[in-house]
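The first residue in the sequence is number 1, and the count goes up from there. None of these values were measured; they are calculated from a predicted model.
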Amino acid sequence: PNFVVYETVHLLLNPEKYYNPKVHVIAGCLAGASAAVISTPMDVAKTLLNVQEKCISKKMQNQPIVGMVNSFLLIYKTNGIHGFTRGLRARVVYLTPSTGISWSVYELFKYILGL
């Protein structure tokens, strides 16, 4: 989603495709925020699989959680739909500026190299 959002916003704000650092930063920030929102549920499930939290494993009668499907089901059973958004704010705060900076540096080097 990162590239698609970046290109879409970039073309909406700068249809002539001139080098414009403000547009690159804005498009990059929106791409980072959307990527964070879209990928957070899978990251929550992956984190659960990696850490195998003790409080959750007690609910599972100390059986290990195996696979993404089981992880998704367990998150939903224990926390409902809101369980999939745990850490979303932190991810958005982290990814929004970093992706904006990354895209603007990429576009700067494209401009400098004449690509």
Compare all side-chain heavy atoms of [X] with those of [Y] and state whether any distance is below 4.5 angstrom.
{"X": "Asn79", "Y": "Phe84", "value": "no"}
{"X": "His24", "Y": "Tyr19", "value": "yes"}
{"X": "Ser71", "Y": "Ile75", "value": "yes"}
{"X": "Tyr18", "Y": "Tyr111", "value": "no"}

**Item:** Expected output: side-chain Asn70 to main-chain Val66 donor-acceptor under 3.5 Å
**Value:** yes
With hydrophobic residues grouped by side-chain heavy-atom distances under 4.5 Å, do [X] and [Y] end up in a single group?
{"X": "Leu73", "Y": "Val51", "value": "no"}
{"X": "Tyr76", "Y": "Leu74", "value": "yes"}
{"X": "Val5", "Y": "Leu13", "value": "yes"}
{"X": "Leu108", "Y": "Ile101", "value": "no"}

**Asked** Got a sec: does the CE of Met68 have more than 12 other heavy atoms crowding it under 6.0 Å?
**Response**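 Yes, the 6.0 Å shell around CE holds more than 12 heavy atoms from other groups.
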**Message:** A quick test of your reading: do over 12 heavy atoms of other residues, nucleotides or ligands sit less than 6.0 Å from OH of Tyr94?
**Reply:** no
Kindly give the heavy-atom pair with the smallest separation between [X] and [Y], and that separation in Å.
{"X": "Arg91", "Y": "Asp43", "answer": "NH1-OD2, 3.1 Å"}
{"X": "Val44", "Y": "Arg86", "answer": "CG2-O, 3.4 Å"}
{"X": "Lys17", "Y": "Leu11", "answer": "CE-CD2, 3.3 Å"}
{"X": "Phe72", "Y": "Pro41", "answer": "CE2-O, 3.8 Å"}

Could you measure the distance from the [atom1] atom of [X] to the [atom2] atom of [Y]? Nearest 0.5 Å is fine.
{"X": "His10", "Y": "Thr8", "atom1": "NE2", "atom2": "OG1", "result": "11.5 Å"}
{"X": "Met42", "Y": "Thr47", "atom1": "CE", "atom2": "OG1", "result": "12.5 Å"}
{"X": "Trp103", "Y": "Ser98", "atom1": "CH2", "atom2": "OG", "result": "13.0 Å"}

Which pairs would a plain distance check flag for residues 26-38, meaning a side-chain donor or acceptor within less than 3.5 Å of a matching protein atom at least two apart in sequence or in another chain?
unit_1: Ser34; atom_1: OG; unit_2: Leu30; atom_2: O; d: 3.2
unit_1: Ser34; atom_1: OG; unit_2: Ala31; atom_2: O; d: 2.9

**Message:** Could you walk me through whether Thr99 and Tyr6 satisfy the side-chain contact (heavy atoms from CB on, under 4.5 Å) test, starting with their C-alpha distance in whole Å, then the side-chain angles of each, then the deciding distance to 0.1 Å, before giving a yes or no?
**Reply:** CA-CA 10 Å; Thr99 308; Tyr6 176 79; over 6 Å; no
